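The residues of the chain are indexed from 1 along the displayed sequence. Remember, predicted model here, so these are calculated numbers, not experimental data.
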Amino acid sequence: MAKVVAEAEELPKAIVRRVVKDKLSQCSKGDGDLTLHKEALLAFSESARIFIHYLSATANDICKEKKRQTISADDVLKALEEIEFSEFIKPLEASLKGKNAGKNAEKSGGKNAGKQKAGTSKAKEVKKKRKLEEPSSQKLKEKEEDNQDENGSDDE
């Protein structure tokens, strides 16, 4: 069978397999380890790819109607409604809120949160630089000692 889809458009098989197996294991609790036939994995992968193309094209149309060039999460939510997958909207909104809450918590660490982060990264850089310099400075000291020994500056 010849490949119809360009390799760049294929979804990673390992990720598709993991998503499918996770969901199936939730649905069939305790039925043991589930296996997927190679063709079933391909069918899931192609279905997901087609769905993503369809959803993104619809979201793009919505974005263009609003005379914008950047697709937003709201455009995707509206596209889900338009293609009659409205049952996905609430879980997606909850997921987005959860991720945004985590980002907001990082940002709300105060005005100095970013400065502290920058300060710690600078401190790490300095430590790293010192570590790199230590072996070279140690070698330099050893060479100087060797040179002194060769020049006859023995104290014995």
Side-chain angles (χ1 to χ4, degrees), residues 1-140:
M1 184 174 138
K3 280 195 175 186
V4 178
V5 178
E7 203 169 303
E9 290 187 2
E10 286 183 11
L11 295 175
K13 288 183 178 105
I15 293 173
V16 173
R17 179 182 293 114
R18 185 174 57 227
V19 168
V20 171
K21 280 191 162 194
D22 286 350
K23 188 60 183 175
L24 290 177
S25 66
Q26 289 173 4
C27 295
S28 63
K29 298 179 182 180
D31 287 347
D33 192 26
L34 298 166
T35 57
L36 286 173
H37 196 274
K38 188 177 180 180
E39 290 172 354
L41 182 63
L42 180 63
F44 279 118
S45 181
E46 281 300 297
S47 299
R49 185 187 64 78
I50 291 167
F51 178 76
I52 291 168
H53 278 233
Y54 187 46
L55 181 61
S56 60
T58 306
N60 188 47
D61 291 344
I62 292 167
C63 185
K64 285 184 177 182
E65 285 173 7
K66 295 178 180 179
K67 296 183 174 129
R68 290 184 286 110
Q69 292 186 350
T70 305
I71 297 173
S72 69
D74 289 334
D75 297 329
V76 176
L77 293 168
K78 181 73 176 159
L80 282 169
E81 191 176 316
E82 262 190 40
I83 64 173
E84 298 179 7
F85 279 91
S86 54
E87 65 272 11
F88 290 0
I89 294 172
K90 283 185 181 177
L92 179 57
E93 286 175 330
S95 177
L96 291 172
K97 282 180 185 174
K99 292 188 192 278
N100 286 337
K103 286 181 183 179
N104 290 339
E106 286 177 13
K107 288 181 182 178
S108 68
K111 291 180 183 177
N112 296 330
K115 291 180 184 177
Q116 288 172 348
K117 215 174 200 179
T120 57
S121 65
K122 281 187 179 182
K124 285 181 182 179
E125 275 186 47
V126 169
K127 282 183 181 180
K128 194 174 183 179
K129 193 173 182 181
R130 284 183 188 156
K131 275 188 175 182
L132 291 172
E133 289 174 352
E134 281 178 10
S136 61
S137 63
Q138 183 67 28
K139 286 179 184 177
L140 184 64

Task: Nearest-0.5 Å distance that lies between atom CG in Leu55 and atom CD1 in Ile50 - done: 13.5 Å

Pair up each side-chain donor or acceptor in residues 81-93 with any protein partner under 3.5 Å, not counting sequence neighbours, and list the distances.
none

Open item on the list: What I'd like to find out is whether the side chain of Leu36 reaches to under 4.5 Å of the side chain of Phe44, using heavy atoms alone.
Closed with: yes

Task: Over 12 non-hydrogen atoms of neighbours within 6.0 angstrom of NZ in Lys38 - done: no

Open item on the list: With a 4.5 Å cut-off on side-chain heavy atoms, are Leu77 and Asp74 touching?
Closed with: yes

TODO: Look up atom CD1 in Ile71 and atom NZ in Lys78, then write down how far apart they are to the nearest 0.5 Å.
DONE: 15.5 Å

Return all side-chain donor-acceptor pairs below 3.5 angstrom for residues 56-65, not counting sequence neighbours, or 'none' if the list is empty.
| from | atom 1 | to | atom 2 | distance (Å) |
| --- | --- | --- | --- | --- |
| Ser56 | OG | Ile52 | O | 2.9 |
| Ser56 | OG | His53 | O | 3.0 |
| Thr58 | OG1 | Tyr54 | O | 2.9 |

Open item on the list: Using modelled atom types and a 3.5 Å cut-off, is there a donor and acceptor pairing between side-chain atoms of Ser25 and backbone atoms of Lys21?
Closed with: yes

Task: Spacing of Leu41 atom CG and Glu46 atom CD [to the nearest 0.5 Å] - done: 10.5 Å

Open item on the list: Under the rule for side-chain hydrogen bond (donor to acceptor under 3.5 Å, both in side chains), what residues qualify as partners of Arg68, not counting sequence neighbours?
Closed with: Asp75

